[in-house]
Amino acid sequence: MIPEFLKIAGGTVYDPANGIDGEVRDLWMSGGKIVEAPSDFETRPARTIDAKGLVVMPGGVDMHCHIVGSKVNAARMMCPEHGEIIPSTTSTGLRYAGLGYTTAFDAAIAPLAARHAHEELVDTPCIDRGFFALMGNNHYIMRAIRQNEPDRLKAFVGWLLGASKGFAAKLVNPGGVENWKNRPEGNARDLETRVDHFEVTPGQILASVAWAADELRLPHPVHVHTLNLGLPGNWTTTLQTMKRLEGHRAHMAHIQFHSYDGGDGDESTFGSKVGPLVEYLNDHPNLTVDVGQIVFGPAIGMTADGPVGHFLGRLYGTKWYSNDIEQETGCGVAPIEYRNTTAVHAWQWAIGLEWFLLARDPWRIAMSTDHPNGGSFLAYPRIIKLLMDATFRKDALAALPAEVRERSVLRDLDRQYSLSEIAIITRAGPARMLGLTNKGHLGIGADADVTIYTPDPDPEVMFALPRYVIHRGRIVVEQGEIREATRGRTLHVAPDYDRGVEPDLQKWFESSYSIRWRNYPVEADTIGESEVVP
Amino acid sequence: MDPSRTVDDRRIWPDSVCTACGCLCDDIVVKVKGDRILEAQGACSIGEGHFLGNRRGDGPEAWIHGEPANFDEAVERAAILLAGASCPLVIGLQECTTEGHRAAVELAESIGGGLEVPGVSATILSLQSVGEVTCTLGEIQNRADFVLIWRADPVRTHPRLFSRHVLEPRSDFLPGGRNDRFLAVVDIRETTTLKEADLAIPMDEGAEVEALWLLRALVKGIAIEAEQIAGVALKDWQALVERFRAARYGAILYDGRSNGLSVRGIHSLVRELNERTRFVVMPLHSGGNGVGARNVLTWRTGLPGAVRFVEGQGPLSSDAGLPSATAADAVLVVSGNPMVMDNEPTTEVRRKIPRVLLTGNQEPHPQAAEVVIRTAAFGIETSGTVYRMDGVPLPLRAVVASRFPTVEAVLRSIEHRVRERRA
Amino acid sequence: MALLLRRTDESDLPIEVIGVRPDRLRGMPPAEIGRFPIRHGNRTVPLAEVFQIKGDPSDERIDFEGNLRNVHRIGAQMSAGRIVVDGCTGWHLAAQMSGGTIEVSGDAGDWVGAEMTNGHVSICGSVGDLVGASYPGSRRGMTNGTILVGGSAGAEIGRSMRRGTIAIGGACGDHAGLGMIAGTILVFGSCGRYPGAEMRRGTIGLFGGGPVPLLPTFRRAGRFRPQFLALIERELRRTGFAGVDWPSGKLDLYHGDLLSLGKGEIWTREGGGLA
């Protein structure tokens, strides 16, 4: 059979992974991949998109969001009044496509409920997707650390990712959630806190799992939501965490929520400590971050950090959902309303932007709102405008309470992101951080995920309404209309691990879980079309 | 993956899931000879009834107006009925797997209909007003040193709940098992469960809400001037509250079918208890896969509870929308119960409405609906994902083959015919 | 001249007249009004397919006539003008309205004035559940305005209401004023169980006489002659709320719900409050 070609002709291409910064080029694709232009000049593409004057980028990659699984579905059930922020799986996929995104990862899935998450992923159209498996409060991991058996731990991480068909190892408030499950007000306030029953510390969990992820050669390193999320003065813990991860690759999630000054009980000392943290990041290429930018308006706090859910529910006096998941994690959900008149919220907004503007290497900082924690991913075009347009940003800052206006370094920052830098933080960078060699770029052999924008003086307009979105070589969006809801693939890993661990593991499993060992792994037929990422 | 093995002329299915009650025990060893189930090792009496009561259905695959019909005729008739309706409704759905729910959503969309999973509205409403502090059963199994059963009789309705998850198990946290746990039971009548309690509080019928409000007040330290509430002396309620306070990880289990303000009261009480200690709540749901139905419908439509599809719009909520059940002009019931409609409160209204019934029951009533289509028996002849009452998903594996198609296959056939007719 | 919408058929299918309100239709040419899309079962149809249309809404008034029991959302989200219904209506009458007046000669279904922010609704007959209530998940019910019901009302009236007045000439069902934040509910007939559960502030007057079943988390505060009542009585009489027996002597006052702030007031006729 003669392959069918799709050609994008004459677009201005931004493909930073391949060093292409706004060059007029043709792109050919076939069989869902970017291909060489056919050598035979007679070959006509089945379709040509005339992209003259248009901007061509790889499809967007969201590396940290919460879009599927038991916690998202609990939020849908609890908050029908916020259906706009937590829509159905179908709408989620269509909305990502509508924004020019073709890949997204849910950042927090309990392996025990992995089957549920996969069923939702299958029902999320138009994007390739996967999830990070929660293991920061896993009993077997803590046991292996206590018994000083790193090889057992490494094998377990491999087994767990394979069994849940997850993509990466995720730590959420390591040790702290277990303490909260074990006693009222229990938590971990610093890396040396002792975890009840297990005699290990958060610092040990961080270092051990980071090591295991490296040893297993996972495409994405350990993905860390560290202790004290959202609390005043938490920047010291964040810095300690980064230091503790020295010698390993690691990703620090929604760093905005972990960069706060204060904590001495005096509310007026709340503020930004981005300075020392970003300096550390700039000097340590082993680390990457995503921002977790907040946007003013309604949001849903949604986290595996059980005590944070409790904190939010109490702080705002809202309804609160919590779900403790045996041997693995917690889960908290509570609605939030970010107001630009509330000083703490205004600080959070400013702190996120400080991160974007002070991080030196755009390849190591990714766009995220930690959807829906900081607000919907639909806010990305607005955030892009805040980054590209310093005047717009300063006007927005001017509307905030005086203490933020006057104390945030934002007022002195004139940096404006270029289109190429936007392409890095929204697709090329996250794809590289995730270890997805076929995503985030337009080189030969890449997945044919392409977004075509109409240039506009207003970046928000430009990025909110892509002219074309192509997913695996199929046109999903054309002129703002959905053309085809493509099926998408689930991306997961299948690490090699020492199977010798299984008898002990099974024994432990059968004595602790409420389900049988045999019924835990997710089978291939549950996850739809999929791809193992090496 | 097929985990079964064959010994002599028998096929043995280890770790099978039993859908007879909400426990969804997944450790049943089912032994099958040919198409007959010989044994369901490990199952309780309800579970045994579920597995061993299954007989291969014989007789016609469908009926139209009580007359035997073949599958294609019945599907055609169902499609005409549903596609021609202006306000069709799909209800039931507790007895199929995720695939069936997906097919039901797609069919409802294609006919512009409503979708409803009966039951648990009070639990959802309570979740929507105060939230829910809950856990998976394994947490109760490993940590709960205090359990309160509030007006439920799990010893009878969920026979293995106590031994597998709630009372007996030993764990690193509770090495003494039953001896490390305290069981309190509050009920209005002498139940089997009440007899097992370390603290039994029999209360007056119809006064649950007063009792819950009182408990909440005592937990919050609000003085109440009353000698007795709900027929129980104040000091006895105080004794219960002392037990709440002494708990490290408390759990309150109640009947998932409960209604009214008491559910909100229980959920609020649990939330308030978390100000002092750890507490969780869990509604005890009945068998089948109603939990899965609500989950799938929620993620597929974005809306909890009842939804409806209207031409040119996405799914709309009919929770607070319209009295869809009474307004329907055609109803598709997906159920194992051959006479399901007789159990519905709106029978009188719905009886007049043309109905299609999909049933996995072995002896369906040919006149239960205008069109009756038989499906594989849920939980025995079907595979897929089911959701336990705590939301934990489990793989269901067919242990015997069926003569009849699955619910999803029938729904997709009907949808296919609807689309063909439109085109 | 008013716009007259007369329903002529008798089908039971639900009809939703979203957007058919004076502030929206005013100034619209008659042909366009006829084409105005409404929901009929699972289809969208032009207004003229279901209603005979006469007159025009230039004076911001719409009159509904005919079989309206299954016509839902009359006056929902209306911000100004007047709607007069001759007959009984379906659900969500006046829901989320922000201004204007709605008068109904017969009954209305559930969700009358749910989450309304202002305006005036009066219904001569009886109404269903959730008058002035919050929708599922929402934190607030009605935040202002008046709902007057001549007959009886169902359960959970005034759920999470924030401000405004609900007056029921007849009886009301269970959980009146559930979680109410503030505002006033007056009931002149008997009252169902657990009025004022989780109320924070606000006033519930239960004037039907006979025992009122209160939760144990309400505390008797004494017997007084309430000052506010005369004001409300004058105001409601002015708007045509008549035929009820206003209490004249002293009333018993209870404070609650002690579980949530406890600044709510429940007033009953002497000796009415029974736990």
Side-chain angles (χ1 to χ4, degrees), chain A residues 68 70 72-74 76-81 83 86-92 110 112-116 119-120 122-124 139 180-184 186 197 310 313-314 318-328 330 333-334 511-519 521-526, chain B residues 1 3 14-15 17 24 26-27 98 102 124 127-143 164-165 169-173 248-249 271 274-278 280 294-296 298-305 314-315 317 319-320 384-385 387-388 390-395:
Chain A
V68 294
S70 54
V72 175
N73 225 29
R76 293 185 187 112
M77 290 186 194
M78 179 168 79
C79 301
E81 73 282 13
I86 35 170
S88 67
T89 48
T90 314
S91 296
T92 300
L112 180 59
R115 188 182 303 273
H116 176 166
E119 292 202 318
E120 290 202 34
V122 168
D123 284 350
T124 306
H139 290 186
W180 185 73
K181 279 157 72 167
N182 194 51
R183 60 184 148 92
H197 280 286
H310 193 196
R314 278 199 279 204
T318 56
K319 49 195 166 188
W320 165 48
Y321 173 84
S322 173
N323 191 359
D324 295 340
I325 294 164
E326 59 202 70
Q327 280 74 263
E328 297 183 353
V333 182
S511 71
S512 349
Y513 273 85
S514 65
I515 74 168
R516 301 287 288 175
W517 158 261
R518 190 192 310 278
N519 292 328
V522 177
E523 286 118 10
D525 60 358
T526 306
Chain B
M1 205 179 64
D15 295 334
V17 175
L24 256 60
D26 69 332
D27 60 347
T98 301
R102 286 175 171 143
I124 297 271
L127 173 67
Q128 291 171 351
S129 43
V130 300
E132 179 174 290
V133 186
T134 187
C135 67
T136 61
L137 279 172
E139 293 288 16
I140 297 178
Q141 183 176 313
N142 294 330
R143 295 182 203 266
R164 274 195 97 205
H165 306 301
R170 295 166 191 272
S171 72
D172 289 348
F173 301 88
R248 278 177 75 87
Y249 197 91
R271 177 175 178 156
N274 273 284
E275 292 300 314
R276 314 183 56 112
T277 181
R278 286 307 321 280
V280 291
R294 280 181 295 283
N295 261 309
V296 182
T298 301
W299 85 58
R300 283 298 293 255
T301 66
L303 300 165
S317 170
D319 260 358
T385 303
Y387 288 78
R388 200 167 64 180
D390 57 354
V392 170
L394 285 163

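To find a chain, count down the sequence lines: A is the first, B the second, and so on, and within it residues start at 1. Because the structure is a prediction, the values reported are computed rather than measured.
- Counted by atom type alone, Thr92(A) and Thr89(A) present zero donor-acceptor pairs between their side chains at under 3.5 Å.
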* Asked: Would Arg516(A) and Asn519(A) satisfy side chain to side chain donor-acceptor pair (under 3.5 Å), going step by step from the backbone distance to the final call?
  -> CA-CA 5 Å; Arg516(A) 301 287 288 175; Asn519(A) 292 328; over 6 Å; no

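- Looking only at heavy-atom pairs under 4.5 Å with chain A, the residue among Asp390(B), Asn295(B), Thr98(B) that has the most is Asn295(B).
- Both the backbone and the side chain of Tyr321(A) come within contact range of chain B, judged by heavy atoms closer than 4.5 Å.
- Both the backbone and the side chain of Trp180(A) come within less than 4.5 Å of a heavy atom of chain B.
- Checked by atom type, the side-chain pair Asp324(A)/Tyr249(B) shows a donor-acceptor distance below 3.5 Å.
- For the pair Arg115(A) and Glu120(A), the salt-bridge criterion is not met [side-chain N within less than 4.0 Å of a carboxylate O].
- Only the backbone of Arg276(B) comes within contact range of chain A, judged by heavy atoms closer than 4.5 Å.
- Ranked by non-hydrogen atom pairs under 4.5 Å with chain B, the options Ser322(A), Cys79(A), Ala334(A) are led by Ser322(A).
- The backbone N or O of Met77(A) sits less than 3.5 Å from a side-chain atom of Gln128(B), completing a donor-acceptor pair.
- Residue with the most contacts toward chain A among Arg164(B), His165(B), Arg271(B): Arg271(B) (heavy-atom pairs, distance under 4.5 Å).
- Contact annotation: the side chain of Thr90(A) never approaches that of Trp299(B) to less than 4.5 Å [non-hydrogen atoms, C-beta and beyond].
- In this structure, chain A has heavy atoms under 4.5 Å from both the backbone and the side chain of Glu132(B).
- Using the six-membered ring where Trp is involved, Tyr387(B) and His116(A) have ring planes that are perpendicular, over 60° apart on the 30 and 60° scheme.
- Of the residues considered (Gly302(B), Pro395(B), Gly391(B)), Pro395(B) shows the highest number of contacts with chain A, using heavy-atom pairs under 4.5 Å.
- In this structure, chain B has no heavy atom under 4.5 Å from any part of Asp525(A).
- With respect to chain B, the highest number of heavy-atom pairs below 4.5 Å among Arg183(A), His197(A), Glu523(A) belongs to His197(A).
- Both the backbone and the side chain of Glu119(A) come within contact range of chain B, each with at least one heavy atom under 4.5 Å from a heavy atom of that chain.
- With a 4.5 Å cut-off on non-hydrogen atoms, Thr124(A) does not touch chain B at all.
- Under the salt bridge (Lys or Arg N to Asp or Glu O under 4.0 Å) criterion, Arg314(A) pairs with Glu185(A), Glu275(B), not counting sequence neighbours.
- Salt bridge Arg278(B)/Glu139(B): absent, no basic N to carboxylate O contact under 4.0 Å.
- Top candidate by heavy-atom pairs under 4.5 Å with chain B, chosen from Thr318(A), Val522(A), Thr526(A), is Thr318(A).
- With a 4.5 angstrom heavy-atom cutoff, Leu394(B) touches chain A via backbone and side-chain atoms both.
- Between Asn142(B) and Gln327(A), the side chains place a donor N or O and an acceptor N or O closer than 3.5 Å (distance only, hydrogens not considered).
- Contact tally against chain B (heavy-atom pairs below 4.5 Å) for Asp123(A), Asn182(A), Val72(A): the top residue is Asp123(A).
- Both the backbone and the side chain of Val133(B) come within contact range of chain A, with heavy atoms under 4.5 Å apart.
- Ranking Ser511(A), Ser514(A), Pro80(A) against chain B, the residue ahead of the rest is Ser514(A), based on heavy-atom pairs under 4.5 Å.
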* Go through Asp26(B) and Asp15(B) one step at a time and tell me if the side chain to side chain contact (heavy atoms under 4.5 Å, CB included) criterion holds. => CA-CA 5 Å; Asp26(B) 69 332; Asp15(B) 295 334; 5.8 Å; no

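- For the set Thr277(B), Asp172(B), Val17(B), the count of heavy-atom pairs under 4.5 angstrom toward chain A peaks at Thr277(B).
- When the salt bridge (Lys or Arg N to Asp or Glu O under 4.0 Å) test is applied to Glu326(A), no partner is found at least two apart in sequence or on another chain.
- Looking at Arg300(B), the atoms closer than 4.5 Å to chain A (heavy atoms on both sides) sit in the backbone and in the side chain alike.
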